[in-house]
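My questions all concern the structure below.
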Amino acid sequence: IVTLNTLINGLCLEGRVSEAVELVDRMVEMRHKPDLIMLNTLINGLCLKGKVYEAMVLIDRMMENGCQPDAVTYGPVLCIMCKSGKTALALDFLRKMEKGKIKLGVVQYSIVIDSLCKDGRFDDALNLFKEMEMKGIKADVFTYSSLIGGFCNDGRWNDGAQLLRDMITRKITPNVVTFNSLIDSFVKEGKLLEAKQLYDEMIQRGISPDTITYNSLIDGFCKENRLDEANKMIDLMVIKGCNPD
RNA sequence: UUUGAUUGCUCGG
């Protein structure tokens, strides 16, 4: 069943949900019940294809069949709501899940925290963050990267830097995405000196820059008409074993 | 085995 689900997930990630659904249907015809993980996989696939309605129908059907959805089931649903600009609805939905018997995890909170940041609702984002931690759910590198990226894109670099220090103090290790967010926020404001300093700092911390890191920096140099430096960055990324894409 | 964070351009809203 694990093997089959690996295949189903692969189809879903390639956007071939209908084939995934067919596989599960065939399995049901052979009187094998799909388990929660497999249904969650399908629901994610449907959401990725924008078929939210079908995902919701599937959730209803699984409940009728005595299979209770869990937090993972609703992750993709929250995500779709957020990505379609309905953060308030997602927050509502999160509240309903809290009241229900579904044990939320850091992923569900982080999805909404990220969306609040993207909407510029930083106080709400921080409040939800605190609320989550008060419930004993510890923020992780995703949660912090969302907050840091959000603050920095809004020009609030001091707040972003403070959050970076916080996470390091708490032994939540920043990763390449955390730094890429920071770097790109500086690049977008033409603050290439700061961006380059962060590039050096990530290397000092043992984090390898990736293609996205270099793309951001190259973009920054290009937009400032510093094409020689942009070219040098391309050479540098190749030297460092990073493929231009 | 299933859910969340970072980069370009164009067009549309």
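Protein chains get the first letters and strands the later ones, always in sequence-line order, with residue 1 at the start of each. This is a predicted model, so every value here is computed, not measured.
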Original post:
Taking atom NZ of A/Lys86 as the centre, does the number of heavy atoms from other residues, nucleotides or ligands within less than 6.0 Å exceed 12?
Top reply: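 No, because the 6.0 Å sphere around NZ of A/Lys86 holds 12 heavy atoms or fewer from other groups.
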Subject >> Sugar-phosphate, base or nothing in reach of A/Asp245, heavy atoms under 4.0 Å >> reply: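 No contact at all - A/Asp245 keeps every heavy atom at 4.0 Å or more from the nucleic acid.
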Subject >> RNA chain B base-pair string [pairs: Watson-Crick or G-U under 3.5 Å; |: paired with another strand] >> reply: .............
Original post:
Looking only at N and O atoms, is any donor in the side chain of A/Asp140 or the base of B/G4 less than 3.5 Å from an acceptor on the other one?
Top reply: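 Donor-acceptor pair under 3.5 Å: yes.
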**OP:** Take atom CG of A/Leu104 and atom P of B/G4, then tell me their distance rounded to the nearest Å.
**Re:**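 Atom-to-atom, A/Leu104 to B/G4, this comes out as 16 Å.
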Subject >> Pairwise side-chain contact, A/Val28 with A/Pro34, heavy-atom cut-off 4.5 Å (strictly under) >> reply: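 Contact flag for A/Val28/A/Pro34 side chains = yes.
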Original post:
CG of A/Asn215 versus P of B/U6: gap in Å, rounded?
Top reply: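 Taking atom P of B/U6 as the reference, CG of A/Asn215 is at 15 Å.
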Subject >> Donor-acceptor pair under 3.5 Å, A/Asn180 side chain vs B/A5 base >> reply: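 Flag unset: no donor-acceptor pair detected.
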Subject >> Minimum-distance nucleotide to A/Phe142 side chain [options: B/U7, B/G4, B/U6] >> reply: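 Nucleotide nearest to A/Phe142's side chain: B/G4.
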Original post:
Any ion pair linking A/Glu189 and A/Arg156 (charged N to carboxylate O, less than 4.0 Å)?
Top reply: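 Salt bridge absent between A/Arg156 and A/Glu189.
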Original post:
Residues two or more places apart in sequence or in another chain: which of them pass salt bridge (Lys or Arg N to Asp or Glu O under 4.0 Å) with A/Arg170?
Top reply: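 If we apply the salt bridge (Lys or Arg N to Asp or Glu O under 4.0 Å) test to A/Arg170, skipping adjacent residues, the hits are A/Glu133.
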**OP:** Please list, chain by chain and in numerical order, all residues satisfying salt bridge (Lys or Arg N to Asp or Glu O under 4.0 Å) with A/Asp210, sequence neighbours excluded.
**Re:**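 Checked A/Asp210 against salt bridge (Lys or Arg N to Asp or Glu O under 4.0 Å); zero matches.
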Original post:
More than 12 non-hydrogen atoms from neighbouring residues, nucleotides or ligands closer than 6.0 Å to CG on A/Asn158, yes or no?
Top reply: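 Open.
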**OP:** Send over the distance from A/Lys188 NZ to B/G8 P, rounded to a whole Å.
**Re:**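 These atoms are roughly 4 Å apart.
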Original post:
Closest to the A/Ser216 side chain: B/U6, B/U7, B/G4?
Top reply: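 The nucleotide sitting nearest to the side chain is B/U7.
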Original post:
Is A/Ile111 touching bases, backbone alone, or none of the nucleic acid, heavy atoms closer than 4.0 Å?
Top reply: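 Here A/Ile111 touches the backbone only, sparing every base.
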**OP:** Please report, rounded to the nearest Å, how far the P atom of B/U2 is from the CG atom of A/Leu7.
**Re:**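 Rounding to the nearest Å, CG of A/Leu7 and P of B/U2 are 13 Å apart.
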Original post:
Reckon A/Ser110 touches a base, only the sugar-phosphate, or nothing at all at heavy-atom distances under 4.0 Å?
Top reply: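 If one applies the 4.0 Å heavy-atom cut-off, A/Ser110 turns out to touch a base.
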Original post:
Can you find a side chain N or O atom of A/Lys118 that sits less than 4.0 Å from OP1 or OP2 on B/U6?
Top reply: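 Affirmative; the distance criterion is met.
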Original post:
At under 4.0 Å between heavy atoms, what does A/Thr178 touch on the DNA or RNA strands: base, sugar-phosphate, or nothing?
Top reply: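 No contact.
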**OP:** Select one nucleotide: of B/U1, B/U6, B/U3, the one nearest the side-chain heavy atoms of A/Asp184.
**Re:**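 Nearest to the side chain of A/Asp184 among the choices is B/U6.
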Original post:
Could you state the CD1-C1' distance from A/Ile234 to B/U7, rounded to the nearest angstrom?
Top reply: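 Distance check: A/Ile234 CD1 to B/U7 C1' gives 14 Å.
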Subject >> Per A/Asp219 side chain, nearest of listed nucleotides B/G8, B/U3, B/U2 >> reply: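 Nearest nucleotide to the side chain: B/G8.
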Subject >> Rounded distance (Å) that lies between atom P of B/U6 and atom CD1 of A/Ile212 >> reply: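 In whole Å, B/U6 P lies 9 Å from A/Ile212 CD1.
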Subject >> Between P of B/G8 and CG of A/Leu227, the distance in whole Å >> reply: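 Answer to the nearest Å: 17 Å.
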**OP:** Could you work out which one of B/U2, B/U6, B/U3 sits closest to the side chain of A/Ser181?
**Re:**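 Looking only at heavy atoms from C-beta outward on A/Ser181, the closest nucleotide is B/U6.
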**OP:** Check the pair A/Met27, A/Leu23 against side-chain contact (heavy atoms from CB on, under 4.5 Å), reporting the backbone distance first and the verdict last.
**Re:** CA-CA 6 Å; A/Met27 185 178 149; A/Leu23 273 178; over 6 Å; no
Subject >> A/Phe179 CZ to B/A5 C1', straight-line distance once rounded to whole Å >> reply: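 For the pair A/Phe179 CZ and B/A5 C1', the rounded distance is 15 Å.
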Original post:
Is the number of heavy atoms from other residues, nucleotides or ligands within 6.0 Å of NZ (A/Lys232) greater than 12?
Top reply: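 No.
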Original post:
Does A/Lys223 put a side-chain nitrogen or oxygen below 4.0 Å from OP1 or OP2 of B/U7?
Top reply: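 For B/U7, neither OP1 nor OP2 has a side-chain N or O of A/Lys223 closer than 4.0 Å.
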